[in-house]
Amino acid sequence: MTELVHRDTADGVATLTLDSPANRNALSAQLRRELIDHLDAAIADPAARVIVLTHTGTVFCAGMDLKESRGASAEQQGITEVPRILETIWTSPTPVVAKLHGPARAGGVGIVAACDIAVAAESATFAFTEVRIGVVPAVISVTVLPRLSPRAAQELFLTGETFDAARAVEIGLLTRAAADVDAEVARYLDMLRLGAPSALAGAKQLLTRERPASMSEDFAQMNALSARYFAGEEGQEGIRSFAEKRKPSWAT
């Protein structure tokens, strides 16, 4: 069986490539399983400082494989695998960067939303097409709604309208729309590799944590967290490298 997701690790970057262009990189059962396996392997690999999720062909991901979904049971439709993919990306301690040279639809947009940084070609388009085929963007809403402005989510979930990369940046789905996607992603990778691995993981947790009701409790928790990082191995190495005017060990 031909592999539909490839993983290559070099220079601290694990690149996962969706390679099923014949069906526009739709989330078939095989692709879902392979993507989960490669995500798990990349996250567990200490040599992978950053994960890049990209694609072959003209489309990043067309969403669920509708040919497989026809007449399939809930389990066969990826009811557990798609949430697993989205949650793995969202909670990954290793930063995940989406690199799109082409459009994304439905579940593919959910994957883009789950990534920490998303860069797409200026010509890329997006749409939540679910309502137009009689379903709803239920699972992907878990990662999409925290990104999108409420008014945009209301409009685009209900209409299924196609929108461009500039609008995707405006409403919070994309980080950047770029004329040169490769160069822009390379710029982000250079910056991410300067961050200490544990500190990057901790920063991601800050962005998604549940905040306590009172400001004083919030400050107390954050003060304790900050102290642990300053006293930790990475924090001390970072302080020494700053004083000695050299790169820290993880950035060499």
Side-chain angles (χ1 to χ4, degrees), residues 4-5 16 18 20-36 39 53-55 57-92 96 98-100 102-120 124-175 177 207-208 210:
L4 300 183
V5 181
L16 310 188
L18 308 183
S20 184
N23 69 347
R24 305 195 308 162
N25 291 315
L27 297 170
S28 63
Q30 181 188 342
L31 188 145
R32 295 193 305 266
R33 289 192 300 268
E34 292 181 8
L35 182 53
I36 288 170
L39 281 168
L53 187 55
T54 188
H55 63 104
T58 59
V59 177
F60 173 72
C61 178
M64 292 300 293
D65 188 325
L66 297 182
K67 290 182 179 179
E68 283 190 353
S69 297
R70 189 167 46 208
S73 67
E75 289 75 18
Q76 292 169 326
Q77 291 173 11
I79 198 168
T80 57
E81 291 168 337
V82 173
R84 169 88 152 78
I85 290 168
L86 298 181
E87 185 172 6
T88 298
I89 295 170
W90 187 274
T91 62
S92 166
V96 184
K99 178 180 177 181
L100 293 76
R105 296 290 185 270
V109 185
I111 291 175
V112 172
C115 293
D116 301 295
I117 293 172
V119 179
T125 60
F126 306 84
F128 303 100
T129 53
E130 287 86 349
V131 294
R132 296 192 177 188
I133 61 168
V135 297
V136 297
V139 171
I140 67 168
S141 70
V142 177
T143 58
V144 168
L145 292 182
R147 305 292 192 201
L148 264 58
S149 64
R151 274 298 183 190
Q154 193 92 11
E155 172 196 359
L156 297 170
F157 271 33
L158 295 178
T159 65
E161 181 183 20
T162 299
F163 55 102
D164 62 17
R167 179 86 194 280
V169 173
E170 176 191 337
I171 63 178
L173 177 64
L174 287 181
T175 311
L207 295 168
T208 57
E210 291 186 14

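Scored by the side-chain hydrogen bond (donor to acceptor under 3.5 Å, both in side chains) test, R84 finds D40, T88 as partners (sequence neighbours excluded). Residues forming a side chain to side chain contact (heavy atoms under 4.5 Å, CB included) with A106 (at least two apart in sequence, or on another chain): T129, E130. With sequence neighbours excluded, the residues satisfying side chain to side chain contact (heavy atoms under 4.5 Å, CB included) with V169 are L174, A177. By the side-chain hydrogen bond (donor to acceptor under 3.5 Å, both in side chains) test, R167 is found to be paired with E155, residues two or more places apart in sequence or in another chain being considered. Residues passing the side chain to side chain contact (heavy atoms under 4.5 Å, CB included) test with T175, sequence neighbours excluded: I117, A118, Y188. Partners of R132 according to the salt bridge (Lys or Arg N to Asp or Glu O under 4.0 Å) rule, which considers only residues two or more places apart in sequence or in another chain, do not exist here. T125 is linked by a side-chain hydrogen bond (donor to acceptor under 3.5 Å, both in side chains) to R105, counting only residues two or more places apart in sequence or in another chain. Among residues two or more places apart in sequence or in another chain, the side-chain hydrogen bond (donor to acceptor under 3.5 Å, both in side chains) test is passed with E161 by none. Residues forming a side chain to side chain contact (heavy atoms under 4.5 Å, CB included) with A26 (at least two apart in sequence, or on another chain): N23, D65.
Summarising the geometry, atom CG belonging to L207 is positioned 8.0 Å from atom CG belonging to D116; distances are rounded to the nearest 0.5 Å.
At least one side-chain heavy atom of I111 sits less than 4.5 Å from a side-chain heavy atom of L86. You'll find the side chain of L4 reaches within 4.5 Å of the side chain of S28, heavy atoms only. Using a 4.5 Å heavy-atom threshold, the side chains of K99 and V119 count as separate.
Within the structure, no pair that satisfies the side chain to side chain donor-acceptor pair (under 3.5 Å) test touches residues 133-150, not counting sequence neighbours. Within the structure, the ring-ring contact (aromatic ring centres under 6.0 Å, His included) test picks out the following pairs touching residues 146-166 (sequence neighbours left out): F126-F163, F128-F157.
Within the 3.5 Å criterion, the main-chain N or O of V5 finds a donor-acceptor partner in the side chain of E34.
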